[in-house]
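Below: the structure, in structure tokens.
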Amino acid sequence: MPRRKMHVTDADGSPLRAALRRLREDTGVTEDFPAAALAEAEQAARHPRLPAHDATGLPLFTIDPPGAKDLDQAMYLERRAGGGYRVHYAIADVAAFVRPGQALDAETHRRVMTLYYPDGRVPLHPGVLGEGAASLLPDHDRPALLWRFDLDADGRVAGTDVRRALVRSRARLDYAGVQHAIDAGFAEEPLALLREIGPLREALERARGGISLNVPEQEIVRRDGHYALAYRAPLPAEGWNAQVSLMTGMAAADLMLRSGTGILRTLPTASERAVDRLRRVAHALGVTWPEGMPYGEVIRALDPSRPRHAAFLQECTALLRGAGYTVFDRERPAERPVPADPGHAALAAPYTHCTAPLRRLADRYTGELCLAAARGAEPPEWVRAALDALPGEMETGARRAGQVERECVDLIEAALLRDRVGQVFDAYVVDVQEDRPTAGTVHLYEPAVIGHVEGDGDGPPLAPGHRMRVRVIEADPGRDKVWFAPA
């Protein structure tokens with residue numbers, strides 16, 4: 001999913017929306033699917049592979065942004081008789097619809113993941129599946145991978161099970177409604193328990209040294225013919241819900257590691273250089289970072305509703321660079337060994353992607369590997385045959401998604417400053433070019449725009465983290481990126 005969450009509320013005919021449409025066309029991955037893939041999807045929607053185990057009596061519910069239709073996960077929470085909790089977590093069973101080696105499978109390997117734009121998205125699967133027959137929409141029977149976690153009183157996982165099951169969600173909830181119901185005290189226990197389980201899992205994350213970046217969403221609004229930027233801080237319920245997904249990803253990694261075959265999402269420890277850069281940015285933004293305090297503690301102390309804290313959280317996403325997929329296979333220990341360090345640095349634990357198969361290719365495969373590991377069985381041959389190529393495919397997809405994200409940010413920022421060329425803003429230096437010390441990247445304090453700054457070759461060198469005043473030289477969505485000059 002995108003590291004920088006941006007949303008546009010603007011008329012369809014605006015220059016910004018037109019530029020975003022052109023960007024979608026230029027990526028080579030559009031909303032339209034090949035005819036053969038679409039025909040397979042329509043056929044599969046009518047005749048999915050249904051599991052034998054019936055869990056439709058479990059009153060699951062989904063929690064997603066308003067209007068979302070590609071619902072990957074549904075949950076039901078309850079207390080255990082002897083203390084602690086039980087979490088039922090259903091994941092859409094995409095393999096029940098997509099047949100290996102056929103046209104739709106090939107198209108998903110080409111797309112790799114859903115691409116997100118500020119005004120829409122380009123999906124991994126055709127709508128008839130991703131927003132229809134495979135989605136865990138309420139009041140419909142759906143094939144799913146049903147996880148069950150038994151937690152102790154502190155939220156630690158004491159037991160795990162996963163199996164194929166037929167499920168039926170009872171309600172489609174959104175974050176604001178969930179937060180209001182819980183805060184107001186009228187949420188029923190299966191939902192109210194999210195406020196108990198979520199913070200317990202967050203406490204365990206802190207104890208093992210992990211961090212979660214609650215990056216605020218940026219909303220671009222048009223007022224009086226001009227664009228403005230506003231932040232929407234994530235609600236506590238979003239973090240609690242994310243903890244259930246993270247718990248599932250860690251349990252899946254543990255299952256695969258014990259079986260000897262799997263796919264991990266790995267992230268190396270942030271370099272000292274990256275952390276030092278963040279220290280300079282924190283100083284420039286006035287973010288308190290006491291000497292000796294780990295950056296994870298600094299991040300947890302931030303308030304995403306404060307613009308400078310929100311800007312710092314955006315900069316912290318640089319710590320996620322270097323994430324990748326690592327495959328291991330006990331049948332090929334020399335070529336695909338279990339990694340010596342299987343951990344994900346941000347989570348401080350082994351982890352994998354497995355909870356968003358409607359939007360991410362790898363999750364279909366990790367789900368199958370977990371099902372096999374839970375039964376003590378061999379993975380399906382079609383899964384094992386795909387392992388060699390998957391890391392490269394996911395890297396290609398992530399690179400494409402990152403490019404889309406960067407270009408969307410460029411468009412949005414150019415739109416924000418289009419009518420302010422020549423104006424002067426307060427900024428801080430993010431990076432400096434090694435071969436040109438008077439050129440680099442700056443981040444404005446308000447609005448939260450990042451752009452290239454080009455100084456006179458004979459002028460003073462830039463210093464990372466230092467404050468400066470800059471003048472907007474160029475800003476035109478769809479034509480020019482934002483450029484600044486020292487004021």
Side-chain angles (χ1 to χ4, degrees), residues 1 5 45 48 50-51 53-78 85-97 114 116 121 123-125 127-149 162-183 186-198 201 217 234-249 251-252 353-360 363-364 367:
M1 305 309 109
K5 304 172 186 176
L50 298 178
H53 181 64
D54 189 338
T56 54
L58 197 63
L60 299 163
F61 54 87
T62 59
I63 308 175
D64 290 275
K69 295 180 181 178
D70 53 340
L71 311 184
D72 287 287
Q73 315 106 14
M75 71 174 71
Y76 179 75
L77 312 175
E78 59 184 332
Y85 309 89
R86 176 163 288 173
V87 176
H88 304 271
Y89 201 50
I91 308 297
D93 186 2
V94 175
F97 299 89
T114 295
Y116 292 89
R121 62 190 187 87
L124 174 61
H125 298 95
V128 68
L129 294 182
E131 295 186 338
S135 177
L136 303 184
L137 296 165
D139 303 321
H140 293 278
D141 291 351
R142 294 289 189 255
L145 277 59
L146 183 60
W147 290 79
R148 188 189 70 203
F149 299 100
V162 59
R163 63 177 65 185
R164 278 199 157 88
L166 195 66
V167 302
R168 187 179 182 89
S169 173
R170 297 298 194 275
R172 178 168 58 183
L173 310 178
D174 61 65
Y175 293 114
V178 166
Q179 192 69 57
H180 176 68
I182 290 175
D183 291 346
F186 60 77
E188 296 182 4
E189 184 172 85
L191 179 59
L193 286 177
L194 191 62
R195 185 162 61 177
E196 294 185 29
I197 295 171
R201 296 297 305 178
E217 181 177 346
L235 297 167
E238 294 178 62
W240 304 335
N241 185 59
Q243 285 297 323
V244 178
S245 177
L246 292 172
M247 177 179 69
T248 307
H353 280 153
C354 67
T355 63
L358 293 176
R359 293 169 280 165
R360 196 168 45 210
D363 299 44
R364 171 157 52 107

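Hydrogens, waters and symmetry mates are skipped; everything else that's a heavy atom, side chains included, is used.
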Handout entry: By salt bridge (charged side-chain N to carboxylate O under 4.0 Å, His left out) - contacts of Arg195 (at least two apart)
Key = Asp183
Handout entry: Contact summary for Ala90 and Leu60, nearest pair of heavy atoms
Key = CB-CD1, 3.9 Å
Handout entry: Qualifying residues under side chain to side chain contact (heavy atoms under 4.5 Å, CB included), relative to Leu124, sequence neighbours excluded
Key = Thr108, Arg111, Thr114
Problem - Backbone N/O of Ala356 and side chain of Asp363: donor-acceptor pair under 3.5 Å - result: yes
Handout entry: Distance in Å, Leu77 CG paired with Glu189 CD, rounded so as to fall on 0.5 Å steps
Key = 9.5 Å
Exercise for the section: Quick one: list whatever passes ring pair (Phe, Tyr, Trp, His ring centres under 6.0 Å) with His140, sequence neighbours left out. Expected result: none
Handout entry: Glu238 side chain vs Leu235 backbone, donor-acceptor pair below 3.5 Å
Key = yes
Handout entry: Beyond-backbone contact of Tyr175 with His180, side-chain heavy atoms, under 4.5 angstrom
Key = no
Fill in the blank from the handout: Applying side chain to side chain contact (heavy atoms under 4.5 Å, CB included) to Ala187 and not counting sequence neighbours gives Ala181, Ile182, Leu191, Ala192
Exercise for the section: Starting at NE2 of His353, measure out to CZ of Arg360 and round the result to the nearest 0.5 Å. Expected result: 4.0 Å
Exercise for the section: Would you check if there is a donor-acceptor pair between the side chains of Tyr85 and Glu78 at a distance under 3.5 Å? Expected result: no
Handout entry: Asp174 to Ile63 - nearest heavy-atom pair and separation
Key = C-CG2, 4.2 Å
Practice task
With sequence neighbours excluded, tell me which residues meet ring pair (Phe, Tyr, Trp, His ring centres under 6.0 Å) with Tyr89.
Solution key: none
Exercise for the section: Compute whether any side-chain donor of one residue and acceptor of the other, for Thr355 and Ser245, lie under 3.5 angstrom apart. Expected result: yes
Practice task
Taking salt bridge (charged side-chain N to carboxylate O under 4.0 Å, His left out) as the test, write out the residues that go with Arg163, two or more places apart.
Solution key: Asp161
Practice task
Could you pull out all residues at least two apart from Asp70 that satisfy side-chain hydrogen bond (donor to acceptor under 3.5 Å, both in side chains)?
Solution key: none
Handout entry: Spatial distance of atom NE2 (His88) from atom CE (Met75) [nearest 0.5 Å]
Key = 12.0 Å
Exercise for the section: Using the test salt bridge (charged side-chain N to carboxylate O under 4.0 Å, His left out), find all partners of Asp54 that sit at least two apart in sequence or belong to another chain. Expected result: none
Handout entry: Partner set under ring pair (Phe, Tyr, Trp, His ring centres under 6.0 Å) for Trp147, not counting sequence neighbours
Key = Phe149
Practice task
Apply side chain to side chain contact (heavy atoms under 4.5 Å, CB included) to Ala55 and list each qualifying residue two or more places apart in sequence or on a separate chain.
Solution key: His53, Leu146, Ala165, Val167
Practice task
Please step through salt bridge (Lys or Arg N to Asp or Glu O under 4.0 Å) for the pair Glu131 and Arg121, ending with a clear verdict.
Solution key: CA-CA 12 Å; Glu131 295 186 338; Arg121 62 190 187 87; 2.4 Å; yes
Exercise for the section: Taking all non-hydrogen atoms of both residues into account, name the closest pair between Arg172 and Leu137 and its distance. Expected result: NH1-CD2, 3.7 Å
Exercise for the section: Walk me through it: do Val244 and Leu194 pass the test side-chain contact (heavy atoms from CB on, under 4.5 Å)? Expected result: CA-CA 9 Å; Val244 178; Leu194 191 62; 4.2 Å; yes
Problem - CG-CG distance between Asp64 and Leu173, expressed to the nearest 0.5 angstrom - result: 9.0 Å
Handout entry: Between CG on residue Asp93 and CG on residue Leu145, distance to nearest 0.5 Å
Key = 5.0 Å
Practice task
Kindly compute the distance separating OG1 (Thr62) from CG (Leu71), expressed to the nearest 0.5 Å.
Solution key: 5.0 Å
Exercise for the section: Tell me, please, which residues at least two apart from Ala133 pass side chain to side chain contact (heavy atoms under 4.5 Å, CB included). Expected result: Ala45, Phe97, Leu129
Problem - Donor-acceptor contact present, side-chain Gln179 to main-chain Ala237, <3.5 Å - result: yes
Exercise for the section: Check the pair Leu358 / Ser135 against side-chain contact (heavy atoms from CB on, under 4.5 Å), numbers first and verdict last. Expected result: CA-CA 8 Å; Leu358 293 176; Ser135 177; 4.3 Å; yes
Practice task
Could you tell me whether Arg170 and Asp139 have a side-chain N and a carboxylate O separated by less than 4.0 Å?
Solution key: no
Handout entry: Check against side-chain contact (heavy atoms from CB on, under 4.5 Å), Arg86 and Arg148
Key = CA-CA 7 Å; Arg86 176 163 288 173; Arg148 188 189 70 203; 3.7 Å; yes
Fill in the blank from the handout: salt bridge (charged side-chain N to carboxylate O under 4.0 Å, His left out) filter on Glu188, not counting sequence neighbours, yields none
Completion exercise
All heavy atoms of His125 vs all of Pro357, minimum pair found to be CE1-O, 3.2 Å
